[in-house]
Amino acid sequence: MNRLTRDFFMRDVLEVAPGLLGKTLVRKQENGIIKKYLITEVEAYKGEKDLACHASKGRTPRTEIMYHEGGHIYIYLIYGMYWMLNFVTAIKDTPQAVLIRGIEGYNGPGKLTRNLFIDKSFYGENLNSSGRLWVEKGLKQNEIKIKTTPRIGIDYAGEIYKNKLWRFVMG
DNA sequence: TCGACGATTGCC
DNA sequence: GCAATCGTCGAG
């Protein structure tokens, strides 16, 4: 079995996020067909101090899952139209998540979820046990070049956090 | 209850 | 450049 285990996601988000580049996102559709995509672009959102992180506003019904242990799926709707796919990281009570921004073939977090038919119903599912979405090994870490940049669309996050190089792109 | 706003996208 | 479109959250 190539599925990444709980331990992979139980680390700090700044380790997990770049570690997800080159890994394989696996989606099993309702008709049983399995599709696999290399992960090419991610962003890290780290804790209540990170003003770009939804958890900066504390524990709410929406952010609740980020306070659980790594490996859970955090999904939310943005601009009334697009579902954003995130993976919770680290141990319990440290709200962190990785936004999956791009996979091979689809660039853009909204287009990605639309094409893979991922929506609110995935909220709270666990990548260790889900029968329809998980992550597997992919490229070897030494085969990958990683570029870092500031995160997209978070100008409101204040000078410190909007400039953090927490977007990771493969290639 | 109400209003403001957003980790985006695609069209003008 | 800007509208689409609606769940979430804090204020009233």
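Note on naming: letters A, B, ... go to the chains in the order of the sequence lines (proteins, then strands), and numbering restarts at 1 for each one. Note that the coordinates shown come from a computational prediction; the quantities given were computed from them, not determined experimentally.
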Does B:dG6 have its OP1 or OP2 closer than 4.0 Å to a side-chain nitrogen or oxygen of A:Y76? no
A:D155 CG to B:dT8 P, in whole Å, measures 11 Å
Looking across every strand, which nucleic acid part, if any, lies under 4.0 Å from A:L99 by heavy atom: base, sugar-phosphate, or nothing? base
A:F9/A:V88 under side chain to side chain contact (heavy atoms under 4.5 Å, CB included): CA gap, chis, key distance, verdict: CA-CA 7 Å; A:F9 298 98; A:V88 174; over 6 Å; no
Can you tell me the distance, in whole Å, between the CD atom of A:Q96 and the C1' atom of B:dA7? 16 Å
Are A:L85 and A:L38 grouped together when hydrophobic residues (ILVMFWY) are joined by side-chain heavy atoms under 4.5 angstrom apart? yes
For nucleotides 4-12 of chain C, give me one character per nucleotide, 5' to 3': B if any protein heavy atom sits under 4.0 Å from the base, S if the only such contacts are to the sugar-phosphate, - if neither. BBBSSSS--
Extract the stems that DNA chain B is part of, considering only consecutive pairing runs of at least three Watson-Crick or G-U wobble pairs, both distances under 3.5 Å. B:1-6 with C:6-11, B:8-11 with C:1-4
Linking I/L/V/M/F/W/Y whenever any side-chain heavy atoms sit under 4.5 Å apart, do A:I73 and A:I34 land together? no
With a 3.5 Å cut-off and no angle check, do the side chains of A:N107 and A:E41 form a donor-acceptor pair? no
Tell me: CD1 of A:I118 to P of B:dT8, nearest whole Å? 17 Å
Within 45° cone and under 6.0 Å: A:R114 NZ/CZ vs A:Y106 ring: no
For A:R101 and B:dT8, is the shortest distance between a side-chain N/O and OP1 or OP2 below 4.0 Å? yes
For residues A:Y67 and A:E48, is any side-chain donor paired with an opposing acceptor at under 3.5 Å? yes
Counting just side-chain N and O atoms, does A:K162 come under 4.0 Å of either OP1 or OP2 of B:dA7? no
Between B:dG6 atom P and A:H54 atom NE2, what is the distance in whole Å? 10 Å
For A:L51 and B:dC5, what is the distance between atoms CG and C1' respectively, to the nearest whole Å? 16 Å
Evaluate side chain to side chain contact (heavy atoms under 4.5 Å, CB included) for A:Y74 paired with A:H54, printing each intermediate quantity in order. CA-CA 11 Å; A:Y74 170 44; A:H54 289 162; 2.7 Å; yes
Reckon A:R167 touches a base, only the sugar-phosphate, or nothing at all at heavy-atom distances under 4.0 Å? nothing
Whether A:R132 engages the ring of A:F122 as a cation-pi pair (distance to the six-membered ring centre under 6.0 angstrom, angle to the ring normal within 45°) should be assessed. yes
Whole-Å distance separating the NZ atom of A:K111 from the C1' atom of B:dC11: 13 Å
Between A:V13, A:T94, A:V98, which is the residue that forms a side-chain contact (heavy atoms from CB on, under 4.5 Å) with A:K46? A:V13
Starting from P on B:dA7, measure out to CD1 on A:I75 and report it in whole angstrom. 15 Å
